[in-house]
Amino acid sequence: MRILYRTGLLAAACLMGWPAVASTPRAHATLASDGSYTLVIQSGRAWTEAEVTVADDGAQDLGPAGEDERVEVAGVVASPGPLHVTVHAATPDEAGFTWTFEVVPDAVPVALPVVEPDLGLDVRRRIWPVGRP
């Protein structure tokens with residue numbers, strides 16, 4: 001009975017032109033060891049106004065965005081780990097959505113790795129596989 005009721009509401013919403021389900025936006029993040037992050041959000045819906053809150057960082061205004069447009073947000077968090085993201089958005093058809101999700105960021109080193117200097121000519125000759133170069 002409950003499934004039929006929900007299916008009926010979903011069908012009615014689709015017939016009346018209401019969005020039945022607002023899918024979670026796609027997101028990707030990088031996090032440096034000093035706590036600075038960069039978050040890229042790509043929504044499947046257009047919005048006229050939106051704001052995002054990331055972990056313990058304050059709310060940031062995203063402004064308007066088109067369908068599948070990428071929006072980049074930068075900030076600093078106190079604790080490493082997954083970023084807890086909340087997006088509040090208003091769509092052009094005067095609907096409002098709230099998405100809450102976690103993004104596991106890719107770690108980015110603060111300093112570039114040290115690259116060994118070029119090996120000398122005598123070392124290169126020793127590692128040549130067949131005879132002398």
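Throughout, residue positions are numbered sequentially from 1 according to the sequence presented.
Note: E72 CD to T38 OG1 = 5.5 Å, rounded to the nearest 0.5 Å. Atom CD of E51 and atom NE2 of H88 lie 5.5 Å apart (nearest 0.5 Å). Taking CG of L62 as the start and CD of E49 as the end, the distance is 9.5 Å to the nearest 0.5 Å. Atom OG of S43 is separated from atom CZ of R70 by 13.5 Å, given to the nearest 0.5 angstrom.
Residues P25 and I41 share a closest heavy-atom pair of CB-CG2, 3.8 Å. In this structure, A65 and V71 approach most closely via the heavy-atom pair CB-CG2, 4.0 Å. Considering every non-hydrogen atom in both Q60 and G75, the closest pair reads NE2-CA, 4.5 Å. Annotation for W47 and G63: closest pair NE1-O, 2.8 Å, computed over non-hydrogen atoms. The two residues T91 and T48 make their nearest non-hydrogen contact at O-OG1, 4.0 Å.
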- Item | CA sep, side-chain torsions, deciding dist, call: T98, T86, side-chain contact (heavy atoms from CB on, under 4.5 Å) | CA-CA 7 Å; T98 299; T86 303; 4.1 Å; yes
- Task: Walk me through it: do D93 and R45 pass the test side-chain contact (heavy atoms from CB on, under 4.5 Å)?
- Result: CA-CA 11 Å; D93 58 352; R45 303 183 59 88; 4.1 Å; yes
- Task: Decide yes or no on side-chain contact (heavy atoms from CB on, under 4.5 Å) for Y37 and D57, but give the supporting numbers first.
- Result: CA-CA 10 Å; Y37 68 86; D57 204 10; 2.8 Å; yes
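Centroid-to-centroid, the aromatic rings of F101 and W99 stay 6.0 Å apart or farther.
Among the candidates L31, L39, V54, the single residue satisfying the side chain to side chain contact (heavy atoms under 4.5 Å, CB included) test with V103 is L39.
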